[in-house]
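For reference, the structure is listed below as structure tokens.
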Amino acid sequence: MVKLQSDFYLDEDVTKIARLLLGKNLMVRCGNQVSGGTIVETEAYSGAVDKASHAYKNKLTERTRIMFETGGRAYVYLCYGIHHLFNVVTNKEGFPDAVLIRALQPLDPPVTSNHSYRNKTGEQVPLTNGPGKLSKALGIDLKHNGMDLRGENIWIEDTGHPVSKNNIVYSKRIGVDYAGDDAKLDWRFYLKDNQWISKK
DNA sequence: GGAATGATTCTCT
DNA sequence: GAGAATCATTCCG
């Protein structure tokens, strides 16, 4: 496995990176334990032109500052006072783009037992099929905000198995209906027929 | 300092 | 399908 290098994150087309992240592995170290999964669902947010983005119109605040930095870092924030949402910062310094990771597929064999479990009927129940849930499963919280994705605590690695274009589904983003016309953009990407995506 | 709010999820109907 | 939980961040005064 090879960690993704900085060139990957610097592309100016955030939707392209959102598509390329599908099939890659997101890994998090918690103490001596490493957990993670394969990315199967993402959403793109482009600050300068996207009403749904926290950095819309290049709005620079204490929180969004991390999005303006050079691609390749983690942007984590608390939503609804309950859920931590994990994003990958992309593009060059000064361009506030990010990709929200919405769902992971547990590794096989699983590296930890936190990502899914089998209920009494033997059915596999995922704990990583949603942006809030996967952060909880991996132990991601505000302390990861701003971390370099090539470090030892959190990183993304190439599995060597690129996803073919035919297996990527495009759709409207979720939970951003307030963003007017930008809510209609097909900036959500997920793997076709994958059972681990968040919904719909 | 204080009020408003959301890139969600769970529970109950 | 509707409503609650719950708090860091933002905006206003």
Side-chain angles (χ1 to χ4, degrees), chain A residues 9 13-22 26 28 37 39-69 71 73-91 95-106 114-117 119-120 123-147 149 154 156 169-191 195-200:
Chain A
Y9 300 106
D13 182 354
V14 65
T15 65
K16 176 180 166 187
I17 296 177
R19 290 193 299 272
L20 289 174
L21 279 172
L22 295 173
L26 169 64
V28 178
I39 298 168
V40 296
E41 181 178 348
T42 63
E43 282 182 6
Y45 289 83
S46 185
V49 297
D50 181 6
K51 277 185 195 163
S53 171
H54 293 154
Y56 177 49
K57 285 185 177 171
N58 291 317
K59 185 170 72 174
L60 176 60
T61 67
E62 190 57 29
R63 178 174 63 158
T64 63
R65 186 165 44 83
I66 185 62
M67 292 179 72
F68 286 81
E69 294 193 22
R73 289 167 177 265
Y75 171 48
V76 181
Y77 87 102
L78 187 64
C79 186
Y80 297 102
I82 305 175
H83 305 288
H84 294 282
L85 272 58
F86 172 75
N87 300 252
V88 176
V89 175
T90 73
N91 214 328
F95 296 86
D97 291 355
V99 176
L100 171 68
I101 307 301
R102 291 191 56 88
L104 299 177
Q105 175 175 332
N114 293 336
H115 305 154
S116 71
Y117 63 90
N119 59 21
K120 289 175 183 173
E123 190 179 355
Q124 209 165 13
V125 181
L127 296 178
T128 55
N129 60 336
K133 293 169 73 176
L134 75 86
S135 296
K136 185 181 177 187
L138 268 58
I140 294 174
D141 62 30
L142 290 181
K143 71 175 176 290
H144 293 96
N145 191 31
M147 279 193 181
L149 293 174
I154 183 168
I156 295 175
V169 181
Y170 301 63
S171 84
K172 208 163 74 78
R173 290 176 296 181
I174 291 175
V176 295
D177 289 343
Y178 62 88
D181 289 344
D182 289 334
K184 299 172 187 162
L185 294 170
D186 285 334
W187 279 8
R188 172 179 175 232
F189 309 98
Y190 58 92
L191 296 185
Q195 62 175 309
W196 302 99
I197 65 170
S198 61
K199 60 169 124 173
K200 295 168 191 170

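A, B, ... follow the sequence lines: proteins, then strands. Residue 1 opens every chain.
Residues passing the side-chain hydrogen bond (donor to acceptor under 3.5 Å, both in side chains) test with Tyr9(A), sequence neighbours excluded: none. Here Val49(A) pairs with Ser46(A) under the side-chain contact (heavy atoms from CB on, under 4.5 Å) rule; sequence neighbours left out. Every residue two or more places apart in sequence or in another chain that forms a salt bridge (Lys or Arg N to Asp or Glu O under 4.0 Å) with Lys16(A) is listed here: Asp11(A). Shown here are the side-chain contact (heavy atoms from CB on, under 4.5 Å) partners of Tyr56(A), two or more places apart in sequence or in another chain: Lys51(A). Residues passing the salt bridge (Lys or Arg N to Asp or Glu O under 4.0 Å) test with Lys57(A): none are found, sequence neighbours excluded. Phe86(A) meets the ring pair (Phe, Tyr, Trp, His ring centres under 6.0 Å) test with no other residue; sequence neighbours excluded.
Counting non-hydrogen atoms of other residues, nucleotides and ligands closer than 6.0 Å to CZ of Phe68(A) gives a total above 12.
Following rounding to the nearest Å, Asn145(A) (CG) and dC7(C) (C1') show an atom-to-atom distance of 15 Å. The nearest whole Å value for the distance from the NZ atom in Lys143(A) to the P atom in dA8(C) is 15 Å.
Stretches of at least 3 consecutive Watson-Crick or G-U wobble pairs, with each checked distance under 3.5 Å, appear in DNA chain B as B:1-6 with C:7-12, B:8-12 with C:1-5.
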Practice problem: Summarise protein proximity over nucleotides 1-9 of chain B in one line of letters, 5' to 3': B for base, S for sugar-phosphate only, - for none, counting protein heavy atoms closer than 4.0 Å. | Solution: -----BBBS
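Applying the salt bridge (charged side-chain N to carboxylate O under 4.0 Å, His left out) definition to pairs two or more places apart or across chains, those involving residues 128-143 of chain A are Asp141(A)-Lys143(A). Sorted by first and then second residue, the salt bridge (charged side-chain N to carboxylate O under 4.0 Å, His left out) pairs with a member in residues 78-88 of chain A form an empty list; sequence neighbours excluded.
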Just distance, no hydrogens or angles: give the donor-acceptor pairs under 3.5 Å from side chains in residues 73-84 of chain A, sequence neighbours left out.
unit_1: Arg73(A); atom_1: NE; unit_2: Glu69(A); atom_2: OE1; d: 3.4
unit_1: Arg73(A); atom_1: NH1; unit_2: Gly146(A); atom_2: O; d: 3.1
unit_1: Tyr75(A); atom_1: OH; unit_2: His54(A); atom_2: ND1; d: 2.9

Can you check nucleotides 11-13 of chain C for protein contacts, nitrogen or oxygen pairs under 3.5 Å, and list what you find?
unit_1: dC11(C); atom_1: OP1; unit_2: Lys59(A); atom_2: NZ; d: 3.2

